[in-house]
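Right, one structure below, let's go through it.
Throughout, a chain's letter reflects where its sequence line sits, starting with A, and its residues are numbered from 1.
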Amino acid sequence: AQSVTQPDIHITVSEGASLELRCNYSYGATPYLFWYVQSPGQGLQLLLKYFSGDTLVQGIKGFEAEFKRSQSSFNLRKPSVHWSDAAEYFCAVGASEYGNKLVFGAGTILRVKS
Amino acid sequence: NAGVTQTPKFQVLKTGQSMTLQCAQDMNHNSMYWYRQDPGMGLRLIYYSASEGTTDKGEVPNGYNVSRLNKREFSLRLESAAPSQTSVYFCASNGLTDTGELFFGEGSRLTVL
């Protein structure tokens with residue numbers, strides 16, 4: 001079965017600093033990988049996704065993520081964080097043989113200090 | 001462009017009461033899902049419906065029932081609410097070509113006293 005680990009429950013960064021949120025997954029073959037963002041009181045919004053091909057994927061709001069098969073990781077990065085990026089971030093994994101169901105990580109809460 | 005609409009947004013119940021969470025999507029999606037979100041646990045799948053007329057259990061189905069009323073609507077019912085069901089519930093949907101990408105509603109916050 002698939003599983004997702006986000007090792008960091010909370011991360012605090014200064015505005016303008018770079019950001020990396022970690023995600024490790026467990027799955028035998030190449031999964032579908034996603035990052036979602038949730039602002040307070042809102043539903044989840046897709047930031048980016050990886051299915052195949054180029055292992056560095058670009059998303060909305062200046063985010064990018066890199067798929068590393070050897071490390072079973074899909075870390076999210078942003079070169080310069082803005083105060084509006086404060087939110088909770090979820091990594092998720094899916095697989096074709098599981099239909100369209102996704103398994104989510106526990107989430108990482110990002111705080112941005114000015 | 002409504003997307004996925006959930007009602008109600010907030011509800012307080014007493015232990016043993018029943019209620020139904022409603023979800024409707026206007027994107028002509030085949031698949032619909034109910035997740036619950038609890039602090040430190042991410043989102044866990046309760047039930048899903050791959051297509052109209054079918055429903056299947058997810059990771060945490062106990063204490064819940066669902067109905068796929070038609071292609072647009074997918075409801076979640078708590079027959080006898082328990083404090084452990086205090087949570088934020090999200091409905092989501094996707095289509096055949098979305099390859100796993102989910103479209104979420106804004107959530108329903110349920111408190112069981």
Atom group of A/Gln45 that falls short of 4.5 Å from chain B, counting heavy atoms: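 Answer is neither: A/Gln45 stays 4.5 Å or more from chain B.
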A/Leu46 versus chain B, the contacting section by heavy-atom distance below 4.5 Å: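 Just the side chain, heavy atoms under 4.5 Å.
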Taking atom CG of A/Leu44 and atom CD of B/Gln37, what is their separation to the nearest 0.5 Å?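 That separation rounds to 6.5 Å.
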Compare every heavy atom of B/Phe90 with every heavy atom of A/Gln38, then report the nearest pair and how far apart it is.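 Heavy atoms only, the tightest pair is NE2-CZ, 3.1 Å.
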Heavy-atom closest pair, residues B/Leu102 and A/Tyr36: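 What the structure gives for the nearest pair is N-OH, 2.7 Å.
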Side chains of residues 104-114 of chain A: which donor-acceptor partners sit under 3.5 Å, not counting sequence neighbours?
residue, atom, partner, partner atom, Å
A/Thr108, OG1, A/Gln6, NE2, 3.3
A/Thr108, OG1, A/Asp8, O, 2.6

Is chain A contacted by the side chain of B/Leu43, its backbone, both, or neither, given a heavy-atom distance below 4.5 Å?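 It is both, since atoms from each part get that close.
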Spell out, yes or no, whether [X] and [Y] are grouped together once hydrophobic residues are joined by side-chain heavy atoms under 4.5 Å, including indirect joins.
{"X": "A/Leu47", "Y": "A/Tyr25", "result": "yes"}
{"X": "B/Leu76", "Y": "B/Phe104", "result": "no"}
{"X": "B/Leu110", "Y": "B/Phe10", "result": "no"}
{"X": "B/Met32", "Y": "B/Leu45", "result": "no"}
{"X": "A/Tyr89", "Y": "A/Val13", "result": "yes"}

Would you find more than 12 non-hydrogen atoms of other residues, nucleotides or ligands less than 6.0 Å from B/Arg109 atom CZ?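 Count not over threshold, so no.
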Just checking A/Ile9: does its CD1 atom have more than 12 heavy atoms from other residues, nucleotides or ligands closer to it than 6.0 angstrom?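 12 or below, so no.
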Close contacts, residues 66-75 of chain B versus chain A, judged by heavy atoms under 4.5 Å: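 Expected list: none.
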I'd like to check B/Tyr33 versus A/Leu102 (side-chain heavy atoms, cut-off strictly below 4.5 Å). Are they in contact?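 Side chain of B/Tyr33 against side chain of A/Leu102, heavy atoms only: no contact under 4.5 Å found.
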